[in-house]
Amino acid sequence: MIIIHISSRFERSFKKLPNEIKANFFEKLEIFKNNPFEKSLKTHKLNGNLREYYAFYLKNGYRVLVDFKTSNNILLVNIGSHDDYKKWGA
């Protein structure tokens, strides 16, 4: 069983999202909980300053930044557009 933790940064970013993206997040989260590397999520390891994290895709270019603390203990770090990565890595 996967245990999902949510950072305060994620919560703040999530509140600012359009409702359509929030709904898509909950759909994708169910898939992620069953298999974090399900092909449709396109979960991938990041590079540069964010190299310790992974991300999975939502619609319209949004992504969820995740930290695999262990294989079944996962922290949702942040959520936003691909352009937001620049801010996250700073």
Side-chain angles (χ1 to χ4, degrees):
M1 178 172 85
I2 291 181
I3 300 167
I4 305 272
H5 303 275
I6 300 172
S7 73
S8 57
R9 182 185 307 167
F10 181 93
E11 288 178 345
R12 286 190 306 272
S13 296
F14 186 82
K15 288 177 185 177
K16 299 174 187 174
L17 295 175
N19 288 336
E20 175 186 19
I21 302 304
K22 289 177 182 178
N24 184 240
F25 165 75
F26 288 116
E27 292 170 13
K28 298 287 182 143
L29 184 61
E30 288 305 311
I31 296 168
F32 184 83
K33 285 196 261 184
N34 289 318
N35 179 3
F37 291 95
E38 193 334 289
K39 188 176 179 180
S40 68
L41 297 173
K42 299 180 184 174
T43 304
H44 59 286
K45 183 101 168 117
L46 299 177
N47 297 313
N49 292 338
L50 298 172
R51 66 183 164 272
E52 64 193 73
Y53 301 110
Y54 285 78
F56 69 87
Y57 285 80
L58 303 177
K59 66 182 353 181
N60 299 336
Y62 284 83
R63 290 164 174 90
V64 178
L65 186 69
V66 298
D67 186 0
F68 285 84
K69 298 297 187 183
T70 64
S71 61
N72 65 342
N73 195 359
I74 298 166
L75 175 66
L76 301 181
V77 177
N78 212 338
I79 186 170
S81 70
H82 187 265
D83 290 339
D84 290 333
Y85 277 21
K86 294 173 190 165
K87 294 181 236 170
W88 300 344

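Keep in mind that what you see is a predicted model, and the values were worked out from it rather than measured. All heavy atoms count here, side chains included; hydrogens, waters and symmetry mates do not. For the single chain, residues carry numbers from 1 onward in sequence order.
Residue K42 comes nearest to Y57 through the heavy atom pair CB-CD1, 3.2 Å, listed as atom of the first residue, atom of the second, then distance. Across N78 and R9, no two heavy atoms sit closer than the pair ND2-CD, 3.0 Å.
Through direct or indirect side-chain contacts shorter than 4.5 Å among Ile, Leu, Val, Met, Phe, Trp and Tyr, I6 is connected to I2, I4, F10, F14, L17, I21, F25, F26, L29, I31, F32, F37, L41, Y54, F56, L58, Y62, V64, V66, F68, I74, L76, I79.
By the ring pair (Phe, Tyr, Trp, His ring centres under 6.0 Å) test, H5 is found to be paired with no residue, residues two or more places apart in sequence or in another chain being considered.
A distance of 7.0 Å separates CG in D84 from OG in S13, rounded to the nearest 0.5 Å. In this structure, I3 CD1 and M1 CE are separated by 5.0 Å, a value rounded to the nearest 0.5 Å.
L75 is connected to L46 through a chain of hydrophobic side-chain contacts under 4.5 Å among Ile, Leu, Val, Met, Phe, Trp and Tyr, so both are in one cluster.
For K45, the NZ atom sits in a packed shell: over 12 heavy atoms of surrounding residues, nucleotides or ligands are nearer than 6.0 Å.
For residues 14-25, the pairs satisfying side-chain hydrogen bond (donor to acceptor under 3.5 Å, both in side chains) are E20-K59, with sequence neighbours left out.
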